[in-house]
Amino acid sequence: MNKIIISPVECPVARCTKLFSGLLMLLLMTACASKVTVIADIPTPLVEKVPLKAHLSYTEKFKNHVYIESEKKRVLKSIDFATAQADLFDSIFGQLTTLVPLDDVSKDLIIEPEILDFQYTAPHETKLKQYEVWIKYRLKILKPDESSLADWTIKGYGKTPTAMLTSASRAFNSATNIALRDVGAQLSTRFSGQRSIKKLIANKEDPQRISDISVADNSSPQLEQVALDSIADVEAVELEAQGAKEKNSEDVDDQQ
């Protein structure tokens with residue numbers, strides 16, 4: 001008698017089991033993503049310190065910022081990255097400048113960050129296997145007398161493939177950290193090149209050189225999206241490549 005062997009791929013029960021497992025995993029990830037507290041993972045930037053003393057000022061709103069989702073149907077109800085963003089600015093400006101207290105009379109400027117916007121997408125919303133996060137900041141740069149010196153906006157973007165992660169909470173945590181690193185990469189590479197900062201540095205080094213900095217300097221007062229070779233983009237590409245590699249490995253196992 002010939003034996004009929006039904007492979008797991010062809011078996012309807014196996015297919016249903018696999019589909020149920022996928023749905024169960026999605027439900028578990030969604031449940032875990034309800035409230036997220038971001039744990040900062042910000043590397044110390046390798047930048048040259050500028051000869052400026054700065055006070056980093058955080059408002060109460062900035063220090064206690066928590067994003068609250070207003071739409072009931074969305075998976076993320078709240079995400080707290082107040083400590084993570086403070087760690088970012090502490091790290092970046094602690095390396096770029098010499099941080100001093102507000103009452104230090106020798107300070108050259110005051111830096112006050114403000115969060116303008118936070119947005120996110122999840123896989124079930126975009127049909128893509130990745131979580132995405134966008135963060136937009138405003139940086140008010142003040143003179144020691146607290147009058148305005150410059151006013152910039154800066155945007156960060158981060159994404160994390162689900163193949164790399166076991167829960168939506170970890171995915172949102174990773175994507176938010178990458179978005180923060182994107183902001184940090186832009187600040188690290190572009191802060192000292194801004195016109196107002198260049199003038200301050202020139203005046204500190206040699207007061208006579210300030211007249212040599214052309215008023216027609218075309219450097220933008222805004223810090224826009226970072227170039228493709230930024231730390232954040234490189235990390236996102238590496239994560240995506242690794243996720244694709246793991247997915248291909250899973251497909252091979254299924255076929256076997």
Side-chain angles (χ1 to χ4, degrees), residues 38-59 62-63 65 81-116 133 135-144 146 148-158 173-206 209 213 217 219-236 238:
V38 176
I39 307 300
D41 183 18
I42 310 298
T44 302
L46 299 176
V47 294
E48 184 178 352
K49 190 181 289 288
V50 298
L52 297 176
K53 293 182 179 180
H55 171 70
L56 194 52
S57 177
Y58 299 142
T59 63
F62 184 88
K63 288 189 292 184
H65 180 82
F81 56 95
T83 300
Q85 66 181 4
D87 287 347
L88 166 73
F89 286 100
D90 285 345
S91 176
I92 296 300
F93 286 108
Q95 292 295 314
L96 280 172
T97 68
T98 300
L99 294 178
V100 297
L102 181 61
D103 59 2
D104 190 320
V105 295
S106 67
K107 64 182 179 292
D108 300 294
L109 69 163
I110 300 170
I111 302 168
E112 186 177 301
E114 173 188 355
I115 183 163
L116 297 179
V133 166
I135 307 177
K136 184 177 181 180
Y137 288 101
R138 174 188 183 187
L139 253 69
K140 291 188 285 187
I141 312 297
L142 308 174
K143 298 176 183 178
E146 299 190 21
S148 179
L149 179 64
D151 203 322
W152 307 328
T153 57
I154 181 169
K155 307 169 188 176
Y157 169 73
N173 182 82
S174 181
T176 304
N177 265 296
I178 292 174
L180 290 172
R181 291 185 188 190
D182 190 10
V183 171
Q186 295 175 70
L187 287 173
S188 298
T189 57
R190 301 185 180 187
F191 175 76
S192 60
Q194 296 300 302
R195 183 168 55 195
S196 56
I197 302 302
K198 285 167 67 177
K199 288 183 178 181
L200 272 178
I201 294 172
N203 191 46
K204 290 282 289 187
E205 294 177 340
D206 182 358
R209 282 183 54 206
I213 300 177
D217 188 342
S219 61
S220 170
Q222 293 187 332
L223 298 174
E224 293 298 344
Q225 196 72 18
V226 76
L228 291 177
D229 59 349
S230 75
I231 296 173
D233 286 312
V234 170
E235 288 180 345
E238 288 176 348

Inset, instruction - Might you point out which heavy atoms bring G158 and I178 nearest each other, and give the distance in Å? - result: CA-CG2, 3.7 Å

Legend entry - Check: Y157 main-chain N/O paired with D182 side-chain donor or acceptor under 3.5 Å: yes

Legend entry - Pair K53 + D104, salt bridge at N-O below 4.0 Å: no

Legend entry - Lys/Arg N to Asp/Glu carboxylate O, R181 vs D41, below 4.0 Å: yes

Inset, instruction - Measure the CG-NZ distance between L109 and K140 for me, rounded to the nearest 0.5 Å. - result: 14.5 Å

Legend entry - Q85 side-chain N/O to F62 backbone N/O, donor-acceptor pair under 3.5 Å: yes

Legend entry - Where Y137 and L180 come nearest, the two heavy atoms and their spacing: OH-CD2, 3.4 Å

Legend entry - Point-to-point distance, once rounded to the nearest 0.5 Å, from OG1 of T176 to CD1 of I39: 11.5 Å

Legend entry - Minimum-distance pair of heavy atoms, taken over all atoms of L139 and P113: CD1-CB, 4.2 Å

Could you pull out all donor-acceptor pairs under 3.5 Å where a side-chain atom in residues 86-102 meets a protein atom, sequence neighbours excluded?
unit_1: D90; atom_1: OD1; unit_2: Y58; atom_2: OH; d: 2.8
unit_1: T97; atom_1: OG1; unit_2: F93; atom_2: O; d: 2.8

Legend entry - Close side-chain approach of I141 to S196, heavy-atom, < 4.5 Å: no

Legend entry - Gap separating the CG atom of D103 from the NE2 atom of H55, nearest 0.5 angstrom: 9.0 Å

Legend entry - Spacing of CD1 belonging to I111 relative to CG belonging to L142, to within rounding of 0.5 Å: 9.5 Å

Legend entry - Student check: side-chain heavy atoms of V50 and L200 closer than 4.5 Å: no

Legend entry - Atom of W152, atom of I197 and distance for their closest heavy-atom approach: CH2-CG1, 3.8 Å

Legend entry - Spatial distance of atom CD (E112) from atom CG (D151) [nearest 0.5 Å]: 10.0 Å

Inset, instruction - State the CG-NZ distance between L56 and K107, to the nearest 0.5 angstrom. - result: 13.5 Å

Legend entry - Flag side-chain contact, heavy atom, 4.5 Å: F81 against H65: yes

